[in-house]
Amino acid sequence: MSSQNINDDAISASTEVEEASAARARPERTVATPELPELTPTADCVSLDNIGLILDVNVTVSVEVGNARIPIRRLLQMSRGSVLELDQEAGGPMNVLVNGKPIAHGEVVVVNDRVGIRLTEVISRADRVKSIN
């Protein structure tokens, strides 16, 4: 028998011993897939339980009176007393925005020489949550 055959047999036997001890050291495992319930969003997805945590957070409330598109030439010609015509009718509803997101519609009122807005329609909670996303 040649020395090459003896070396090949020794390597083969050594590999078989290593594979057998590796199999004994690591028993076969089965992995089960957990069954999770189906998650579905609810209509009332905002919880009021922890509302106290955010009561002191400041937000920016603004009223959108109307819009206008004008050329830069006309904008540069404007001075004190110029009138900018808006796309909104006088007495028409105004949009109330919180941090740039619409939350209500209202109408302009004057109380003791101060201008305010009376809310005429509040956007539904579901629509407000959708506009956040």
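Predicted, not measured: the structure shown is a model, and the values here were computed from it. The figures here come from the full heavy-atom set of this structure, side chains too, leaving out hydrogens, waters and symmetry mates.
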For this session: Please say whether more than 12 non-hydrogen atoms of neighbouring residues, nucleotides or ligands are located less than 6.0 Å from CG in Leu53.
Result: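 Yes, the 6.0 Å shell around CG holds more than 12 heavy atoms from other groups.
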For this session: Would you mind listing every side chain to side chain donor-acceptor pair (under 3.5 Å) that reaches into residues 108-123, with sequence neighbours excluded?
Result: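 Residue pairs passing side chain to side chain donor-acceptor pair (under 3.5 Å), neighbours aside: Glu107-Arg118.
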Problem set entry | Spacing of Leu86 atom CG and Asn67 atom CG [to the nearest 0.5 Å] |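 Result: 7.5 Å between the selected atoms.
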Exercise. Which residues pass the side-chain hydrogen bond (donor to acceptor under 3.5 Å, both in side chains) test with Ser124, sequence neighbours left out?
Worked result: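 If we apply the side-chain hydrogen bond (donor to acceptor under 3.5 Å, both in side chains) test to Ser124, skipping adjacent residues, the hits are Asp127.
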Problem set entry | Side-chain heavy atoms of Leu119 within contact of His105, under 4.5 Å |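 No, too far: nothing below the 4.5 Å cut-off.
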Problem set entry | Member of Ile117, Leu97, Val108, Val115 meeting the side chain to side chain contact (heavy atoms under 4.5 Å, CB included) criterion with Val63 |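 Result for side chain to side chain contact (heavy atoms under 4.5 Å, CB included) with Val63: Ile117.
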Problem set entry | Residue of the set Ile123, Val96, Asn95 for which side chain to side chain contact (heavy atoms under 4.5 Å, CB included) holds with Pro102 |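 Result: among Ile123, Val96, Asn95, Ile123 is the only option passing the side chain to side chain contact (heavy atoms under 4.5 Å, CB included) with Pro102.
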Exercise. Of the non-hydrogen atoms in Val83 and Arg74, which two are nearest, and what is the gap between them?
Worked result: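 Smallest interatomic distance, heavy atoms only, reads O-NH2, 3.3 Å.
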Problem set entry | By side-chain contact (heavy atoms from CB on, under 4.5 Å) - contacts of Val59 (at least two apart) |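 Expected list: Val61, Val98, Asn99.
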For this session: Flag yes if Val109 and Val122 sit in one hydrophobic cluster, no otherwise; membership is Ile, Leu, Val, Met, Phe, Trp, Tyr, and two members link when side-chain heavy atoms are under 4.5 Å apart.
Result: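 As far as the 4.5 Å side-chain criterion goes, Val122 and Val109 are not connected within one cluster.
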